[in-house]
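Following: one structure in structure tokens, then a few remarks.
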Amino acid sequence: MEERTGIFAGPDPVAIAARWLEEAGPLEPNDPNAMQLATVDEAGMPDVRTVLLKEIEEDPGAFLFYTNYEGAKARQIEAAGGRCAFVMHWKSLRRQVRVRGVAAREDGAKADAYYASRPLGSRIGAWASPQSRPVEGRDELAALVEAADRAHGDDPARPPHWGGYRIAPQEIELWADGESRLHDRFRFTRPAEDAGWRWTRLGP
Ligand SMILES: Cc1cc2nc3c(=O)[nH]c(=O)nc-3n(C[C@H](O)[C@H](O)[C@H](O)COP(=O)(O)O)c2cc1C
């Protein structure tokens, strides 16, 4: 099988994705860690939205983002037994990472620490925002923020309805732009989390 070299080098696609994200950091105008997270609702209808990838854990490999556990994406993730997918595309690098996997809540010490590291306004916002539910207008939102501010003060604890998801990847595809649309695509799979990754080149 043809060897993977250069930007594709290495046995672990999670580590390669982490390398690519680091490379994209100084090149992207905004949010190099933005990922488009796909879920399906209970009728099987797909849904997708952007969230921010906050951490890549390298062993055994996982991707973390944070959100409201009462919003649509959380409901969809949980109803699907955690199954979800995401894609990251860096226009500056002309590269793409696709991941399919299973998400599980990270609502322990790591979520507490990340919550505590956020600016106060964001911490209050996490208490105040009824994510994915209708609001009457900005006035209602402002009133909810004011109430949360009064209730939780200057050092709010992490809300029970807010925390992380850790996506354990089952399949990762690394893609890089090639000449004449002959892009490079490598798909990695592993039979279990503690097994090594196998890979194959795919037609573009
Ligand atoms: C650049 C960008 C970053 C975002 N980051 C997050 C995030 O990290 N977590 C989150 O819950 N929503 C984030 N959002 C908002 C989501 O895209 C979405 O509107 C919200 O989470 C509600 O999604 P849902 O109704 O499918 O649950 C972000 C939006 C953008 C455009």
Side-chain angles (χ1 to χ4, degrees), residues 14 17-18 20-57 61-138 140-142 144-145 148 152 156-169:
V14 178
W20 288 13
L21 173 59
E22 213 171 291
E23 269 183 74
L27 302 176
E28 291 288 312
N30 276 305
D31 301 322
N33 57 335
M35 59 194 248
Q36 280 66 54
L37 174 76
T39 50
V40 285
D41 71 13
E42 286 178 61
M45 185 71 177
D47 206 349
V48 66
R49 80 292 284 157
T50 303
V51 294
L52 296 179
L53 174 62
K54 284 296 169 180
E55 188 180 347
I56 298 182
E57 294 174 342
F63 301 87
L64 273 89
F65 70 93
Y66 290 86
T67 194
N68 187 313
Y69 290 140
E70 294 173 355
K73 79 181 84 47
R75 286 199 306 273
Q76 292 165 1
I77 284 172
E78 311 233 346
R83 284 189 288 275
C84 62
F86 71 85
V87 63
M88 302 179 86
H89 172 223
W90 297 288
K91 292 183 169 69
S92 58
L93 295 177
R94 297 175 188 275
R95 293 183 211 163
Q96 168 177 264
V97 173
R98 290 169 69 178
V99 175
R100 303 172 80 198
V102 175
R105 284 189 186 197
E106 166 51 70
D107 54 3
K110 193 169 253 193
D112 290 341
Y114 173 62
Y115 180 78
S117 78
R118 304 178 84 211
L120 181 59
S122 308
R123 281 179 279 155
I124 293 292
W127 273 105
S129 168
Q131 193 174 68
S132 314
R133 291 201 292 271
V135 284
E136 284 298 323
R138 283 219 73 94
E140 185 188 343
L141 216 44
L144 288 168
V145 169
H152 302 287
R158 180 176 58 82
H161 60 261
W162 189 97
Y165 279 105
R166 172 182 284 103
I167 302 176

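Both counts, for ligands and for their atoms, begin at 1 and track the order of listing. Here the structure is a predicted model, which is why all the values come from computation and not from measurement.
Taking the six-membered ring where the residue is Trp, Trp127 and His152 present parallel rings, their angle staying beneath 30° rather than reaching 60°. The aromatic rings of Tyr114 and Trp162 lie parallel to each other, their planes meeting at an angle below 30°, with 60° marking the opposite boundary.
Here the protein heavy atom with the shortest distance to atom 18 (C) of ligand 1 is Arg49 CG, 3.9 Å. Ranking protein heavy atoms by distance to atom 22 (C) of ligand 1, first place goes to Lys73 NZ, 3.6 Å. With respect to atom 8 (O) of ligand 1, the closest heavy atom belonging to the protein is Leu52 N, 3.0 Å. The shortest contact between atom 28 (C) of ligand 1 and any protein heavy atom is with Thr50 O, 3.1 Å. The nearest protein atom to atom 25 (O) of ligand 1, hydrogens excluded, is given as Ser132 OG, 2.6 Å; this is a heavy-atom distance.
Looking at Ala34 against ligand 1, nothing comes within 4.0 Å, counting heavy atoms. When non-hydrogen atoms are compared, ligand 1 lies under 4.0 Å from neither the backbone nor the side chain of Lys54. Proximity of Asp31 to ligand 1, defined as any heavy-atom pair under 4.0 Å, is confined to the side chain (atoms from C-beta onward). Only the backbone of Tyr66 comes within 4.0 Å of ligand 1, counting heavy atoms alone; no side-chain atom from C-beta on gets that close.
The nearest protein heavy atom to atom 11 (O) of ligand 1 is closer than 4.0 Å.
Taking every heavy atom of both residues into account, Ile77 and Cys84 meet most closely at CG1-CB, 4.5 Å. Smallest separation of non-hydrogen atoms from Ala126 and Tyr115: CB-CE1, 3.9 Å.
Contact atoms of ligand 1 toward Ala72: 24 (P), 25 (O), 26 (O), 27 (O) (distance under 4.0 Å to a heavy atom of the residue). In summary, the atoms of ligand 1 found under 4.0 Å from a heavy atom of Thr67, numbered by their order in the structure, are 10 (C), 11 (O).
When each of Val51, Val48, Asp47, Asp41 is tested with Lys73 by the rule side chain to side chain contact (heavy atoms under 4.5 Å, CB included), just one qualifies, namely Val51.
A side-chain donor from one of Tyr165 and Glu78 sits under 3.5 Å from a side-chain acceptor of the other. At a cut-off of 3.5 Å, with distance as the only test, no side-chain donor of Arg75 or Thr39 sits close to an acceptor on the other residue.
Under a 3.5 Å cut-off, the side chain of Gln131 and the backbone N or O of Thr67 do not form any donor-acceptor pair.
Here atom 6 (C) of ligand 1 lies nearest to Val51 when heavy atoms of Val48, Thr39, Val51 are compared.
A salt bridge links Lys110 and Glu57; the closest N-O separation between the charged side-chain nitrogens and carboxylate oxygens is under 4.0 Å.
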